[in-house]
Amino acid sequence: MDAEDYRKRRENSLIQLAERLAEKAIYTNKAVTLEAMPSFERKIIHSALARNKKIQTHSEGEEPNRYLVIKPTN
């Protein structure tokens, strides 16, 4: 198994998830909470959504149960 290929696929799936959930947050005008995940995965999502001016992201909770919140800007 190629670990690097797995990481790239995981990164791509996290970016797609982030985009879908950002659209959901905008459409419903409500915050969307993701499940707890490691810091490197949260960073991928924060980075993927950083340029989207319609939403904000932040992390909440304590390790190892830290999770990410995507909310629309008003």
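Excluded from the calculations below are hydrogen atoms, water molecules and symmetry mates; all remaining heavy atoms, backbone and side chain alike, are included.
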salt_bridge(Lys71, Glu60) N-O dist < 4.0 Å: no
- request: Could you go through the side chain to side chain contact (heavy atoms under 4.5 Å, CB included) check for Val69 and Tyr67 one step at a time?
  value: CA-CA 7 Å; Val69 177; Tyr67 58 93; 3.7 Å; yes
task: Applying salt bridge (Lys or Arg N to Asp or Glu O under 4.0 Å), name anything that partners Glu62, two or more places apart in sequence or on another chain.
output: none
Please report, to 0.1 Å, the donor-acceptor pairs under 3.5 Å made by any side chain of residues 13-23, with sequence neighbours excluded.
| residue | atom | partner | partner atom | Å |
| --- | --- | --- | --- | --- |
| Ser13 | OG | Arg9 | O | 3.4 |
| Ser13 | OG | Arg10 | O | 2.9 |

task: With rounding to the nearest 0.5 Å, note down the distance linking NZ in Lys8 to CD in Glu11.
output: 4.5 Å
- prompt: Do we see a donor-acceptor contact under 3.5 Å between the side chains of His58 and Gln56?
  reply: no
query: Are the side chain of Arg42 and the backbone N or O of Leu68 linked by a donor-acceptor pair below 3.5 Å?
result: no
List the atom pairs, with distances to 0.1 Å, where a side-chain N or O of residues 44-52 and a protein N or O form a donor-acceptor pair under 3.5 Å, not counting sequence neighbours.
| residue | atom | partner | partner atom | Å |
| --- | --- | --- | --- | --- |
| His46 | ND1 | Thr57 | OG1 | 2.7 |
| His46 | NE2 | Ser59 | OG | 3.1 |
| Ser47 | OG | Lys43 | O | 3.0 |
| Asn52 | OD1 | Lys54 | N | 2.9 |

Distance-only donor-acceptor pairs under 3.5 Å for side chains of residues 25-35, two or more places apart:
| residue | atom | partner | partner atom | Å |
| --- | --- | --- | --- | --- |
| Thr28 | OG1 | Lys24 | O | 2.8 |
| Thr28 | OG1 | Lys30 | N | 3.4 |

